[in-house]
Every structure is written in C-alpha cells, then in structure tokens.
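I have placed the structure first, in the form of structure tokens, so that the comments after it can refer back to it.
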2 protein chains.
Amino acid sequence: MGLTMTFAKDEEIYGQDEDADLIYRVLEGAVRTTRVMADGRRQIGDFYLAGDIFGLETGPRHRFAAEAVRDSAVLVVKASALRAAGGDIERLGWETTRRELERAQEHVLLLGRKTACERVASFLKDLSDKGGSPAVVDLPMGRQDIADYLGLTIETVSRMLSQLQSGRIVSFCATRQFRVVNPQGLARLADQAQ
Amino acid sequence: MGLTMTFAKDEEIYGQDEDADLIYRVLEGAVRTTRVMADGRRQIGDFYLAGDIFGLETGPRHRFAAEAVRDSAVLVVKASALRAAGGDIERLGWETTRRELERAQEHVLLLGRKTACERVASFLKDLSDKGGSPAVVDLPMGRQDIADYLGLTIETVSRMLSQLQSGRIVSFCATRQFRVVNPQGLARLADQAQ
DNA sequence: CGGCTTGTTGAACCTCTTCAAATGAAGTGG
DNA sequence: CCACTTCATTTGAAGAGGTTCAACAAGCCG
C-alpha cells in the first residue's frame, strides 16, 4: 500500500504552506524539515531516519518544508486513503503527533537553555540512542544541517565536535562517523535536564 | 462537568513525571508549563490563558510541570471520564495536541534563530493577537517568566522592552500593561519568518 | 512609612558569531 | 591513476550580542 518515491540529495519532498494530505515514511536515507525566514535564516525542525514517519506534524498546511538530506526513498500514503482502509489511523496519527510534540519540547529546552557544547552532545547522544547505540554511529547530515538544527553556526558545531573529541567523549573515524568513547560523560553533558 | 480548582500564584498544578490522567482548562488567571534542569536552569514551554486547554500536551507522564502564574481558577476533567461521556474527545484531543505542536514549532524557530529583540517583539505580538488585539494588553507574568520562555535573562528582556518602547513600537502604561503603537513595526520585527 | 519583591540600568565579561584562510575530502577529465 | 577543480570542514582572530554582577528605582503590602 502506498507509493515509493525516491528523492535526490537536497530535493524538496513538500514545501512550506503546501496542503498536508500525505503521510510519509522514510525507507532509506534521511529527511529534514526546515523553516526559512525572510532574510535566509534557517531552522531545522527535525531529522527523520529509516522507519520514521513524517508529514503529519502539522495542521491542514505544512508549516515546515521537507527535504531529503541525502538520496532517499520514501513511502507516500494518502491520509484519506489510509483513513478509508481502517479506523486505527486516528490512533496512529495521534501517537505520531504526540511523539513529535515531545521531540519539539525537548528541542525547545535544548535551544532555550543549553550551551553550544551541551547542544552538540545532546545531538550526538540522541543520534546514537536512536540507532540502538551501535559501535560506530554515522551522521547522515552535514555540519550546516546540524548547525541549523541546534541554532548554532557550522563553525561552532565544528569547534564543539573537536572539543568533545579532545575531551575523550567521542572519537571521529571520519567526518561523518563517530564512536562514543565515554557514554557517561556524553550523557552528563547532554542530560543536565531531568 | 468536571471540578473547578483554584491555585495560588506559583502553586504547582501538576509536577514533572506525574501521571497525565487529567485535562485542564484555564477559567481565570494564567498557567505556565516549566522544565527545570539539574542545575536550576528553567525553560517555560508555554503560557495558557483563560479558555486554553492544557495538560494534554504529553504522553502518559507529564514532561513539563504546570504552575499558576498568578492566582487562577482551573477546570479539571478526568481524561477517562471525558472519553466515557462521548467519542469526540479523541478529535478534541488531537486538535489540541496539534495546536500545541504548532506552537512548539514556532517556539523552536524563535529560540533557534531569532535575536533577543525579535523574540521579545514576537512575544508581545503573540500576546496581543491572542487577546484579540485590545487597546491595552496586559502581561499576566513577570519578567523572569518571560525570560525563561524566550531563552533570555530578565535583564535582556527588560532592555529589549525599553528599546521597543523608545523605538515607538509599543508603549508601557504600567510594568505589566502596554499598548501597541506601531503594529506593522511590531509585525516586521516578529515575523521575519514567513 | 518601612521593608520586600520586582523591574531597570550600567559596565565588564564571555560565549558564540563573523570574517578569513587553510586544510581535507570528493569528484572530473585528461 | 593523477592533476585539477570544487565543495565541505576545520582552525584562527576579531567582533557583537547577550550575560553576569552590581547598584538603583519602582511597586506592593503590611
């Protein structure tokens, strides 16, 4: 059920203010939701990896655009079709929206009250946890995306990554691959919040 | 239906990590949701004024605490009781959650990419709009609450308020009462975002 | 009025940003 | 396969916005 579509790196999946009639699920790759201000400042709402559902996060119209972080495959389903097929869509939709809200609230805390170092640490921890804490975690997105998610600049992100590495918290095998050296240290930096 | 409860200024309505079995509606006064970090840094999730519904914004457990901003009256309904009374609760719940999410996303944009001045302007505009843009808007909350909502310090909030006033954007008749002098100017500062 | 809390203002400091350059990685065509 | 181009990332130095610390003013309530 539904249609599989592929999107090239940086291709738009849906635009801001477009009708929100479709529900999406990442099959492969990674997706970001973005909001751009009149003067070009950009904020990333969230990242979605394989298995994640997105596109449901808003009202009748999308308030964020969605773009492929890199070449990605996405399953697209019409919300109305899904509704016709069975009533538990309401429940699924609510659950998904609720999880979105929880993530947005964590994001608010991060942006409102965490330092640059804590933000980057939180980001790495989140990504590591999300993947089931594998030995080596890879970053699907570039530094600019990370910066626009964390409310920082690429330079600050880069500096904090270097700092975390020299502090033996994480270790980068490549620019987009790291391992967590000191999980407790990472958690302490990330989760000062209860 | 439901129980009316009153809460004194700064009194807790529910705590962080408590079970979320109740739904609340502000009858009079104002409510804030807060999250406190281990070292005392505080972030306010949102403010709720008369007519607003809150307490539904989370999963099985509250991730933010709720407190009365000032002496307030709140209508409390058990979620399960509401569900038993009629099926349209699901719809109401979803709608409410979705609106919460939209507000949280705006909040993310504000915290991630707006300057101090823009944050304060956005806050004042939001409050003015919410009340139907009356001639005189009052601020139910103190400067510390505003600061903790905007991810700033009270000093910065105070400075930006003074700045907006000397720029003939708003005018304060009292510390907690202002009128919008230049609505376009306020909107321009607040809504650089599309 | 006196005492307390809340809000404002000033000055020094610090974190993060901005601007600039160097380094590294990735692709292209000979 | 290597030189060359191009883009992404790192690092450095200077600058700005916001914070911190401190003092003062203004409400608020007994």
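Numbered from 1 within each chain, the chains take letters A, B, ... in sequence-line order. Computed from a prediction, not measured in an experiment: that's the story for all the values here.
Side chain Arg159(B) to base dG17(D): no donor-acceptor pair is found below 3.5 Å. The base of dC21(D) lies close enough to the side chain of Glu155(B) for a donor and an acceptor atom to sit less than 3.5 Å apart. Contact annotation: side chain of Arg113(A) to base of dT19(D), donor-acceptor pair absent below 3.5 Å.
Checking the phosphate oxygens (OP1, OP2) of dT15(C), no side-chain nitrogen or oxygen of Thr115(A) falls inside 4.0 Å. Within the 4.0 Å cut-off from OP1 or OP2 of dT9(D), at least one side-chain nitrogen or oxygen of Arg176(A) is found. The shortest distance between the side-chain N/O atoms of Thr156(A) and the OP1/OP2 oxygens of dT17(C) is below 4.0 Å.
Between Leu111(B) atom CG and dG18(D) atom P the separation is 13 Å, expressed in whole Å. One can place CG of Asp39(B) at 11 Å from P of dT20(D), the figure rounded to the nearest angstrom. Taking atom CD1 of residue Ile146(A) and atom P of nucleotide dA8(D), one finds them 14 Å apart after rounding to whole Å. At whole-Å resolution of the value, CE in Met160(B) and P in dA16(D) are 15 Å apart. What separates CG of Leu152(B) from C1' of dT8(C) is a distance of 16 Å, to the nearest Å. Between Gln144(B) atom CD and dT6(C) atom P there is a gap of 10 Å when expressed in whole angstrom units. In this structure, CD1 of Ile154(A) is placed 13 Å from P of dT11(D), rounded to the nearest angstrom. As a whole-Å value, the separation of Asp71(A) CG from dG27(C) P is 11 Å.
Screening Arg25(B), Lys130(B), Arg103(B) against Asp52(B) for a salt bridge (charged side-chain N to carboxylate O under 4.0 Å, His left out) leaves a single residue, Lys130(B). Arg32(B) pairs with exactly one of Glu11(B), Glu67(B), Glu12(B) by the salt bridge (charged side-chain N to carboxylate O under 4.0 Å, His left out) rule, that one being Glu67(B).
The side-chain heavy atoms of Leu124(B) and Leu161(B), taken from C-beta on, include a pair separated by under 4.5 Å. The side-chain heavy atoms of Tyr149(B) and His107(B), taken from C-beta on, include a pair separated by under 4.5 Å.
Nearest nucleotide to the Thr153(A) side chain, out of dT17(C), dT9(C), dG18(D): dT17(C). Checking dT10(D), dT6(C), dT8(C) against the side-chain heavy atoms of Lys9(B) singles out dT6(C) as nearest.
Annotation: of the two residues near DNA chain C, Val157(A) and Ser162(B), the 5′-most nearest-nucleotide partner is Ser162(B).
Taking the six-membered ring wherever Trp is involved, the centroid distance between the rings of Tyr24(B) and Tyr14(B) falls below 6.0 Å.
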